[in-house]
Amino acid sequence: MGNQPLIVLSDDSQRTSGKDAQSMNIQAGKAVSEAVRTTLGPKGMDKMLVDSSGSVIVTNDGVTLLTEMEIDHPAADMIVDVAETQESEVGDGTTSAVVVAGELLKRAEELLDQDIHATTVAQGYRQAAQKATEALDDVAIDVDVDDTEILEQIAATAMTGKGAENARDLLSGLVVDAVRTVADEDGIDAENISVEKVVGGAIENSELVEGVLVNKDRVSDNMPYFVEDANVAVIDGALEVKETEIDAEVNVTDPDQLQQFIEQEEAQLEEMVDELVDVGADAVFVDKGIDDMAQHYLADAGILAVRRVKDSDAQQIARSTGATPVTSVDDITEDHLGFAGSVAQKEIAGDEHIFIEDVEDAKSVTLILRGGTEHVIDEVDRAIEDAIGVVRTTIVDGKVLAGGGAPEIQLSLALRDYADSVGGREQLAVEAFADALEVIPRTLAENAGLDPIDSLVELRSEHDAGETGAGLDAYTGDTIDMEAEGVYEPQRVKTQAIDSATEAAVMLLRIDDVIAAGDLAVADDDEGDDMPAGGPGGMGGGMGGMGGGMGGMM
Ligand code: ADP
Ligand code: MG
């Protein structure tokens, strides 16, 4: 046995070790961050994604880009996770988080090249991240749920540079109203805010409805189109006579028998409707179908009924009116009913909708988003989701920061000071971290067509002089006070981005062995750096897995 190597891996598996593994992971991470970099900030550009079935998404939203891009490289996936965590925790700052992660990896690579050990870099990064989050507390501004102006500015900042830009003022007002309306003692559940996208009209025609909207007609024109003070029933089943389980054939020998059969069915349907009438239901939302005969009896009883209601709509109706869904009308009692001051059918852009308003229970709102085309509305919707996220986070945490690169410059200065006290080789890592954070103002400047060096020099000197809110006006290129400009972001957008970017970078740096069961797309060394950001060639070459997804992209 002596010198015979022991083979423990299968033939198909691929192994990359040591520096190669590190380098491969770093390239993959950098490639992901390069792909979204140009979308950052008010002057960031959009990207068009075409999937294999030919459907198109035009977006500026980091997390949407990364999740739709069909990335398949394990290290790249970890950077995509950073965006996803950011999205679920705060709802905004996904591009920033990924760009910072990429920059941390890039700076780490330089340190590794100087023979600084990966664990030392990791240690220095962790210390720096910790220090950075503390330093943010010093510049954070307190905000209260009644600070309408700041809350609207926060929503507007999140929507800057997105499709929603034109109607930013109107939309930020609607978002703040929406979030405040659904807030209660238990916090803010964004599930209670639904967005109804309506193609037709302009974004400026968007509005907020306090209640739930169902994109359906009432099932029969003979039903009332408006019910006041409605008892609402939600049925998670059908108003039909049950089909027999077995394929039974009913042989009818004479017309009387047929008549009898039909009458029996009708009687059953009438009974079902009677159950609803007896408990006092005025509006009925049914998951499945409603038989024609049942429709007739319902209309006779003056009940407004809607069939084939989407699950998510049914849940929201139940939550907001206080109704408990029943699977069959046989079981229904008064206790299952909810209440709404008004249930009415109204038209938006030629499309009938049922409005359930003045609800009794959990507060629930629907944002009606209007726009010229579906693609426009989809992108506005993503901007709105970001805005809802930041307003909710702000109300919960009560802390915001000025935007436009101000916090990153502030932190970078604070970390350079701190680095002196760290000493040893970790000091270099802390300094690298400080440099890495400046990627945000630098990219904001680059994307706005400004000279990044000039902008950084100016920003640093303002911050040195104590202007903690000094940031980059992407429109004029001037260094301005972001607070006066009303550009705010929740503090958590920054702390979360720093935390998850650091975690991902550290995790990737500590890996010195990649063992893959199958074929692994390996990034080659110098591809990541000089590729045109997001250009088809660059990604294709850098990361095998992405070649397909990105190839058709631009
Ligand atoms: P992310 O996905 O990271 O939120 P965005 O494209 O939304 O990416 O860009 C966010 C960055 O743009 C933040 O650093 C924010 O401070 C900055 N920003 C937003 N509005 C402005 C503005 N009016 N002027 C300068 N910077 C802005
Ligand atoms: Mg944003």
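Indexing begins at 1, ligand by ligand and atom by atom, following the structure's order. Every value quoted in this text rests on a predicted model; they were computed, and no experiment measured them.
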May I ask you to identify the nearest protein heavy atom to atom 25 (C) of ligand 1, giving residue, atom name and distance to one decimal place in Å?
-> Leu472 O, 3.1 Å
Is the closest N or O pair between Gly405 and ligand 1 shorter than 3.5 Å?
-> no
4.5 Å side-chain heavy-atom contact, Gln86 and Val63 = no
Would you indicate whether the side-chain heavy atoms of Gln127 and Phe433 approach each other to under 4.5 Å?
-> no
What is the closest protein heavy atom to atom 1 (P) of ligand 1, and at what distance does it sit?
-> Gly93 CA, 3.5 Å
So do Glu483 and Tyr488 actually touch side chain to side chain, heavy atoms under 4.5 Å?
-> yes
Apply side-chain hydrogen bond (donor to acceptor under 3.5 Å, both in side chains) to Asp61 and Thr59, showing your working.
-> CA-CA 6 Å; Asp61 189 47; Thr59 187; 5.1 Å; no
If you measure from each heavy atom of Leu444 to ligand 1, is any distance below 4.0 Å?
-> yes
Please indicate whether any nitrogen or oxygen in Ser96 is less than 3.5 Å from any nitrogen or oxygen in ligand 1.
-> yes
For atom 20 (N) of ligand 1, state which one of Val100, Thr160, Thr476 supplies the nearest heavy atom.
-> Thr160
Side chains of Gln496 and Thr85: does their closest heavy-atom pair fall under 4.5 Å?
-> yes
Name the closest protein heavy atom to atom 16 (O) of ligand 1, giving the residue it belongs to and the distance to 0.1 Å.
-> Gly404 N, 2.7 Å
Thr95 neighbourhood, listing ligand 1 atoms whose heavy-atom distance to it stays under 4.0 Å = 1 (P), 2 (O), 3 (O), 8 (O)
Result for side-chain contact (heavy atoms from CB on, under 4.5 Å) between Leu369 and one of Leu171, Asn205, Val376, Val199 points to Leu171
Closest to atom 4 (O) of ligand 1 among protein heavy atoms sits Asp92 OD1, 2.8 Å
Answer side chain, backbone, both or neither: which part of Thr94 comes under 4.0 Å from ligand 1, heavy atoms only.
-> both
Starting from atom 19 (C) of ligand 1, find the nearest protein heavy-atom neighbour and note its residue, name and distance.
-> Thr157 CG2, 3.6 Å
Report the member of Gly62, Gly41, Gly486 with the shortest heavy-atom distance to atom 6 (O) of ligand 1.
-> Gly41
Ligand 1 contact on Val487 by region, counting heavy-atom pairs under 4.0 Å | side chain
Are Glu408 and Lys494 ion-paired here, with the side-chain N under 4.0 Å from a carboxylate O?
-> yes
Got the closest protein heavy atom to atom 21 (C) of ligand 1, with its distance?
-> Pro42 CG, 3.5 Å
